[in-house]
Amino acid sequence: MDCYDWSTSRQQARDPEEFSLNQVTDVLWTLTERCNLDCAYCCVIPRAPDLRFDPSRRQVDRILRQLRTLRGLQSIVLSGGEAVLSPHIEHVLSQLSTLMLCTYVITNGSTIHSKQKALFQRFQPRTMVSIDSLEECENAITRGPDRLVTATDTLRWLLDAGICTIVIIVLTRHNAGSICKTILGLYDIGVRNILIQQLHCTSRAMSASYLEMLPTHAQIDSLSKFLALLRQERDD
């Protein structure tokens, strides 16, 4: 969760060029550090489980009050960790629904059961599901074994429920070779929104694994050509 002191939003900027919180249009909220996965490229969550952080209800309500002060706010993305594991997810979705914002939830798709499904049907957040490949052997390298079936089951449920759904694919050297097949497979399932996300190296400690997973120039070039052709063939 961001520790920025929002109290400065009540101060008037002295310089017209100075950044103002009223210029904020989009917010990414790390709602929890809880997560049931340990993805190979994740640099958000501390590795030690006992260091994972959940904000209190009081802290959550403080942030919600601060969000209401952002007059230019248009969208908010709830992330983590695994946002669905937050004990405050229902409260947050309920409060955000009163702000008439475009609300997104990022999920790995393996924690949405009957209770969570009821929340998604009630609040209809735009949902971003992380799947790196439709090949189990490749998806398991970065996201862990036996996660693909649950994630794709969740994806199918979201699509059948009429909930706006986006699939996030983190591009690595491991899945780049089959990413074209994955995109076509997702298209056949009914997915029409795909976000291909680049790797992020945020610290020196991450540099070795980052370089090991980084796709080659040839892989990126091949993907770019495929996407250009796909756009020509399918306009949806």
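Note that this is a predicted model, so its numbers are computed, not measured.
Under the 4.5 Å side-chain criterion, counting only non-hydrogen atoms from C-beta, W29 is not in contact with S79. Residues L101 and Q74 have side chains not in contact (no heavy-atom distance under 4.5 Å, counting atoms from C-beta outward). At least one side-chain heavy atom of R143 sits under 4.5 Å from a side-chain heavy atom of Y41. Under the 4.5 Å side-chain criterion, counting only non-hydrogen atoms from C-beta, E82 is in contact with T107. For the pair F123/V105, no side-chain contact is recorded, criterion being any heavy-atom separation below 4.5 Å from C-beta on. Side-chain contact between L199 and L171 is absent, with no heavy atoms from C-beta onward closer than 4.5 Å. Residues I169 and I179 have side chains in contact (heavy-atom distance under 4.5 Å, counting atoms from C-beta outward). Contact check for T182 versus N139: no side-chain heavy atoms found under the 4.5 Å cut-off.
Sorted by first and then second residue, the pairs that involve residues 150-174 and meet side chain to side chain donor-acceptor pair (under 3.5 Å), not counting sequence neighbours, are T172-N175. The list of side chain to side chain donor-acceptor pair (under 3.5 Å) pairs with a residue in residues 92-105, not counting sequence neighbours, reads R68-Q95, R68-T98, Y104-R126. Contacts classified as salt bridge (Lys or Arg N to Asp or Glu O under 4.0 Å) and involving residues 101-116 (residues at least two apart or in different chains) are not found. Residues in residues 178-195 take part in these salt bridge (Lys or Arg N to Asp or Glu O under 4.0 Å) pairs, two or more places apart or across chains: E135-K181, R192-D236.
E136 meets the side-chain contact (heavy atoms from CB on, under 4.5 Å) test with A140, P145, D146, L148; sequence neighbours excluded. Contacts of D61 classified as side-chain hydrogen bond (donor to acceptor under 3.5 Å, both in side chains), with partners at least two apart in sequence or in another chain: H91. Under the rule for a side-chain contact (heavy atoms from CB on, under 4.5 Å), the partners of V191 that lie at least two apart in sequence or sit in another chain are L155, L159, V167, L186, I194. Residues passing the side-chain contact (heavy atoms from CB on, under 4.5 Å) test with S224 are I220, sequence neighbours excluded. Scanning for side-chain hydrogen bond (donor to acceptor under 3.5 Å, both in side chains) contacts around T142 gives D132, with sequence neighbours left out. Every residue two or more places apart in sequence or in another chain was checked for a salt bridge (charged side-chain N to carboxylate O under 4.0 Å, His left out) with K117, and none qualifies. Residues that satisfy the side-chain contact (heavy atoms from CB on, under 4.5 Å) test with L229, not counting sequence neighbours, are Q232, E233. With sequence neighbours excluded, the residues that form a side-chain hydrogen bond (donor to acceptor under 3.5 Å, both in side chains) with S56 are Q59.
Y187 is not connected to M128 by any chain of hydrophobic side-chain contacts under 4.5 Å among Ile, Leu, Val, Met, Phe, Trp and Tyr, and they are in different clusters. Connection of L78 to L99 is established within a shared hydrophobic cluster, with ILVMFWY side chains joined at heavy-atom distances below 4.5 Å, either directly or through further cluster members. No chain of hydrophobic side-chain contacts below 4.5 Å, direct or via other Ile, Leu, Val, Met, Phe, Trp or Tyr residues, connects Y210 to I141. Hydrophobic clustering (side-chain heavy atoms under 4.5 Å, transitive across Ile, Leu, Val, Met, Phe, Trp, Tyr) groups L28 together with I168. Hydrophobic cluster membership is shared by L184 and L227, with clusters built from Ile, Leu, Val, Met, Phe, Trp and Tyr side chains linked at under 4.5 angstrom.
With values rounded to the nearest 0.5 angstrom, L158 atom CG is found 6.5 Å from F120 atom CZ. Residue I76 holds its CD1 atom at 11.0 Å from SG of C102, rounded to the nearest 0.5 Å. Between L96 atom CG and L67 atom CG the span is 7.0 Å, to the nearest 0.5 Å. Note: Q116 CD to Q121 CD = 12.0 Å, rounded to the nearest 0.5 Å. In this structure, the separation between CD1 on I106 and OG1 on T127 is 10.5 Å, given to the nearest 0.5 Å.
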(request) May I have the step-by-step check of side-chain contact (heavy atoms from CB on, under 4.5 Å) for R147 and N36, ending in yes or no? (result) CA-CA 11 Å; R147 302 297 182 180; N36 61 317; 3.8 Å; yes
(request) Take I196 and I183, measure what side-chain contact (heavy atoms from CB on, under 4.5 Å) needs, and give me the verdict at the end. (result) CA-CA 10 Å; I196 302 175; I183 291 171; 4.1 Å; yes
(message) For a side-chain contact (heavy atoms from CB on, under 4.5 Å) check, start with the C-alpha distance between K225 and D221, then their side-chain angles and the critical distance, and finish with the verdict.
(response) CA-CA 6 Å; K225 292 176 180 176; D221 185 55; 3.3 Å; yes
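Between A151 and V129, the shortest heavy-atom distance links the atoms O-CG1, 4.3 Å. The two atoms that bring L85 and C35 nearest to each other are CD1-CA, 3.9 Å, heavy atoms only.
H88 places no side-chain N or O within 3.5 Å of a backbone atom of T32 that could act as its donor or acceptor partner.
Counting non-hydrogen atoms of other residues, nucleotides and ligands closer than 6.0 Å to CZ of R71 gives a total of 12 or fewer.
D54 and S86 share no donor-acceptor pair across their side chains, judged by distance under 3.5 Å alone. When only modelled atom types and interatomic distance are considered, S130 and N108 share no side-chain donor-acceptor pair under 3.5 Å.
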